[in-house]
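Residue numbers begin at 1 in each chain, while the letters A, B, ... track the order of the sequences.
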Amino acid sequence: MIPAPFGYQVATTVDEAIARLHAARGARILAGGQSLIPVMKTRRVRPSMLVDISRVDGLRGIRVSAEAVSIGPLSTHAELESSPELLEVLPVMREAARVVADPPVRNRGTFGGSLAFADPAGDWPAVALALEARLDVRGPNGDRGIGIDEFFLPDGGTRLGEGEIITSVTIPLAPADRGMAYLKLRHPASGYALVGVAAVVSLDGEGICRDCRIAVTGHGTGAVRARTAEDALIGCRPDSSKAATAGQSAARELSVVGDLYASEEYRSGLIAVHVDRAVRRALERVGGSQR
Amino acid sequence: MRDLQREPPYHRRPPEGWISHEYLGVGRPRTEDERLLRGRGCYAGDIRLPGMLHAGFVRSPVGKARLGAVAVEHAQSQPGAVAVFTAATLPQLSRQVPSAFSQPNLEIRMPPALASGTIRFAGEAVAVVVAETRYQLADAVEAVEFDLEPQEPVTDPIAARHPEAPLVHDDVPGNLGGVIQAGFGDIAGAFREADVVIRDTFRAERAAGAAMEPQALTAAPEANGGLTLWASTQAPHALRRLLAQFLDLPAELVRVITPDVGGGFGPKGRLYPEQCVLASISRALGRPISWQASRSEDLAITYQGRGAVVQAELAASKDGTLLGLRADLVQDCGAYLATGLIVAQNSAQHLLGPYRLPAASLQMTAVYTNKAPLSPLRGGGRELGVFVIERMIDRLAMQTGLDPVELRERNALAKSDFPYDTGYPSRGQGTIVYDSGDFPHYLRRACDLIGYREFREQQASERSRGSYRGIAVTLFIESTGLDRETAIAELQRDGSVLLSIGSPSNGQSHATTMPQIFAEYLGLPPDRIHYRSGDTGVVDQGTGTFGSRTAVIAGNAAAGAGRALREQILHAAADELEAAREDLEIVHGAVMVKGVPHRSLSFEWLAGTLIDRGTLDPLTAVYEFAPPRAHAFAGGAHAAIIRVDPETGLVHVERYVVVHDCGTVINPMVVEGQIHGGVAHGWGNVAGERMVYEPDTARLVTDSFQRYVMPIAELTPRIEIEHCEQPTPFNPEGIKGAGEGGTIGALDTILAAVEDALAPAGIELRDLPLNFDSLWRYAGRLDVARPGAESS
Amino acid sequence: MRNQVRIVLDVNGRRVQRDVEPRLLLCHFLRDDLELTGTHIGCDSSQCGACVVLVDGRAAKSCTLFAVQLDGASLTTIEGLAGDGPLHPVQQAFVEKHGLQCGYCTPGMVMTAVDLLQRNRRPDEAEVREALHGNLCRCTGYQNIVDAIRLAGRLMEGNG
């Protein structure tokens, strides 16, 4: 399986990458290539030109401040998996990174690349949604920010415009009484998420749930928040029956696609179970032990 | 019943006893490993020849269509394109691939080398493109255009027998490839007398071999008008014979060399249209040409295994004694009957299991469908037969209230029952006779090892706590060995031996095991024995590596060659030492007068002396092993404990035990590796492997590992193994094969354990692979609080 | 002539310079241009792992990389792991534990194992099996491979 021919350029700055993208019709960004190269090999996708941004300065690194974590989009899944700083403040990132694809792919594939590619069964979109990430983006028309809730389109794809590149992903940090989890059931063949659930729950001093974000991937056209599931938890003291209710709500709310492996009904059932389990795991981790 | 004592008795050991007992039965590390670990393997796709070109195929994406014009001009004008051939432009390519089988009762239709007129399965090639480089080839292949008029296909073997079903071949009414019947005993009487009759229907989906190395072939024309081929194959001699037939060449002009092969498992034992095409165009162009299938190509065109529906009826008395078995097996043969009905015949024979069964009546039906052709695949059909009889016994247990293990023990053949004439007609002559075994013993050992009794004792309380685990202990029997084999042993000048065997290796460690057994007879350490195989230019005969036959047949051939060469060396040494042959013995590569160590000659001295003198004969032994009874019956018991997650229907194998009898064990480490791989393959077949075709178009849906489920490390169980050697009396070394027992025994074991886990939900499992969706629904009936479950 | 890009990289300790088409996959560059056929191709969906090599010391699937991306990089293929010298502990362990049969998946398995053991010398069974998610084997059932990798970790720590 061999791709169709294409031109190749290396950019060393973000502006150069944008200019090169703009200059060649049908040009695409090449970061880690772990999503793009496999589809190019099927020839279903035939960019005329690849602009390699892997050498662009300033797109790597993980910076932790008191309020937020800023992640360079070229950070590989492996870098996120092994970052001690990230583990300390956002342990769900390691939990997710560990189950993205496999180790060799994790060594090359990038966080920003995953978000931009927005595979309907990808892991990072669900995690980013649950963590209320914010993307900084630069394009031919300058810089802008996109909140994660606006970033993914309902029927798949993203609001990333023509010629735009993600330059940073910022994840707000919250007070310590927050628990988070990412739970993934792998598709038995592809290894992508058959169901992936990211849950972030915040409790106040009395144990009442003040904020909750639950995002599901793998079930349809892309990662979405399960808002009715979130509503089922907010304002009450969550326990395992509430978690179960949240699961049921998510299963009813989400529009699910059946396929060769799992009928719609089964997939919905799996969503209910995994939302329940992810929420319970997140609750166990509130305010301390993140194991 | 034949009087078996009148057949020549085989000794467990030769009359003069072993020379050394150092090599046989030892888990020696492999000779092959260092080379392969250093990346110095040479597989068919690694061959590089001067002037070599690359070939690729243009294929139909749909499974039934009229093929119209194939336009090649655009492809021919691509940079680096050398030639494009179709059945129309090179008429040889419209010829049919020769059949390796002749089964007179069957309507055998073979594929053409390249399609013309009609497409009958997705992936059939309509053109072959040759280019200078691999990348130029990809562009040129894409540039070939062809017209297809899709027609209505049939993709299910039961539907294919319907009077209104579309025909795969216009001249084969009812898509009926043929029917074979076999049986013995008073079946009508058995069912009349029966207190219990169990009836059920089982279905196994088609599965892929999916060897890690996709098919590959490099062909090079020779100056004498012949051809040399490096093929990723299990059967170079059959390939040579059939290719020569296809090319109208004498077989002596065709040489097939088997390089390293990345797994065979059955489907690589066939002659493929692509191989006929490569051979033809290599000669037509006068250039070496290489072809390596991509994975999606390999999934589409490599012949597939399994794929059958079996209706079975088992008659028994109320104490569980088996009285008779009827079965009707409908085999999905795909678009061409490239392997006849041997798969179904293997299944049918193995429906008898290792049990005392007085009567059976079995029918096998070959049905054409618009899918890739059928091939034996690890188990070769035996796995389905064993699966069905074990399932039926489980059903009988439920019906009679007897414990399934006790029921097996009651009917299983014990040591004193052997040799056991089943009464079932053999495909050659006479009847199938089981050689040796002790099935109640295997069963008891497996129960002990898995802790069957203890598990049952606490299962009820486990269930009451919402934990659902199941256990199963099953038996399997496996016919191993086939046909004959020739081994050639040549003493080299340096005192080492070159041992050559015709049938190749595909990773089963022959280069380690064959020298081990040979070494026992020669008294020379195995690392002084160099092994080569799979080259038709070196050894003229070789049946192939499949059917768990190599250890059985080639092992005995190697042993025979060892004995023969030993005798020749002793006689030559007797002359040199001026001693009587009976006074000599061999100790570690030297011939010695017994008790007189200073009167000895090394092999090296002897070889050098004889070579210098020009007397080469004593240094070469040629031994053909062609036993009257080639089949030796391996057997054993499998046991598993499996947990089912009632909320998801997913399963996890907690323990897996195999008690395994392959007779004399040459290398226990190698046997265990085969069992691990075999069980893993069986696990795959139960846990998710299936080839899926779209019903409306017969397009292959499972065309990549994105959709075809493969066993992965995280989910494949760890196997605990106990060997139980019951040497076969049917060959001198007592060897039974070990390549497929892991798979054959795994199918029912896993299914039965899952069924047992969900027994409180009233589940009955009968199809392969498992459908987790369906398990989830059954599990919903359990008394477990489930999130998301709608109350009904 | 289609557009070619010059790349300079280190392969198994040797400096290599070539002009290549951008679309040339690393696995083909290694196998066809450099005649290092120890790296194998077993699938076309980036799953089987037979093609894994070390890029700047980290495991990567050579079927999912273009050679042009490796300009300036340092590569180790299976041939370069031990060179002509003694076997690497991972290779030794595979021999001792019968971790290979047909050998086709083996180069990728070994390289993935080297990568794993660099980061964690003492993985438990579950960690090894997870680490092999991107490496398929049809012959061994994985068991001996897992045992070989754990043994290799002990050998690398000097604990045999």
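Although no hydrogens or angles enter the test, the distance criterion places no donor-acceptor pair under 3.5 Å between the side chain of A:Tyr192 and the main chain of B:Gln706.
Within residues 683-696 of chain B, the residues having any heavy atom under 4.5 Å from a heavy atom of chain A are, by residue number, B:Arg690, B:Val692.
A heavy-atom distance below 4.5 Å is found between the side chains of A:Tyr261 and B:Val709. With contacts defined as side-chain heavy-atom distances shorter than 4.5 Å, the pair B:Thr648/A:Arg277 qualifies.
Of the atoms belonging to A:Arg267, not a single heavy atom falls under 4.5 Å from chain B. When heavy atoms are compared at a cutoff of 4.5 Å, A:Leu185 approaches chain B solely by way of its side chain, counted from C-beta outward. Residue contact with chain A, scored on non-hydrogen atoms closer than 4.5 Å, involves the side chain of B:Glu142 exclusively. Contacts of A:Leu260 with chain B are made by both backbone and side-chain atoms, with heavy-atom separations under 4.5 Å. With a threshold of 4.5 angstrom between heavy atoms, B:Asp645 approaches chain A through side-chain atoms but not through N, CA, C or O. With a threshold of 4.5 angstrom between heavy atoms, B:Thr702 approaches chain A through side-chain atoms but not through N, CA, C or O. For B:Ser296, the part lying near chain A is the side chain, with the backbone staying farther off; criterion is any non-hydrogen pair under 4.5 Å.
Using a cutoff of 4.0 Å between basic side-chain nitrogens and carboxylate oxygens, A:Arg43 and B:Asp139 are scored as salt-bridged.
Across A:Arg186, A:His274, A:His187, A:Glu265, the residue that shares the most heavy-atom pairs under 4.5 angstrom with chain B is A:Glu265.
Judged purely by distance below 3.5 Å, without hydrogens or angles, the side chains of A:Ser263 and B:Arg777 pair a donor atom with an acceptor atom.
A:Leu194 CG to B:Leu650 CG: the interatomic distance, rounded to the nearest 0.5 Å, is 8.5 Å. Distance check: B:Thr133 OG1 to A:Ile2 CD1 gives 8.0 Å after rounding to the nearest 0.5 Å. Remark: B:Glu647 CD to A:Leu270 CG distance equals 10.5 Å, nearest 0.5 Å. Separating the CD atom in A:Glu264 from the CG atom in B:Asp773 is a distance of 11.0 Å, to the nearest 0.5 Å.
Between B:Trp776 and A:Gly269, the shortest heavy-atom distance links the atoms CZ2-CA, 3.5 Å.
Around CZ of A:Arg98, the count of heavy atoms belonging to other residues, nucleotides or ligands within 6.0 Å does not exceed 12.
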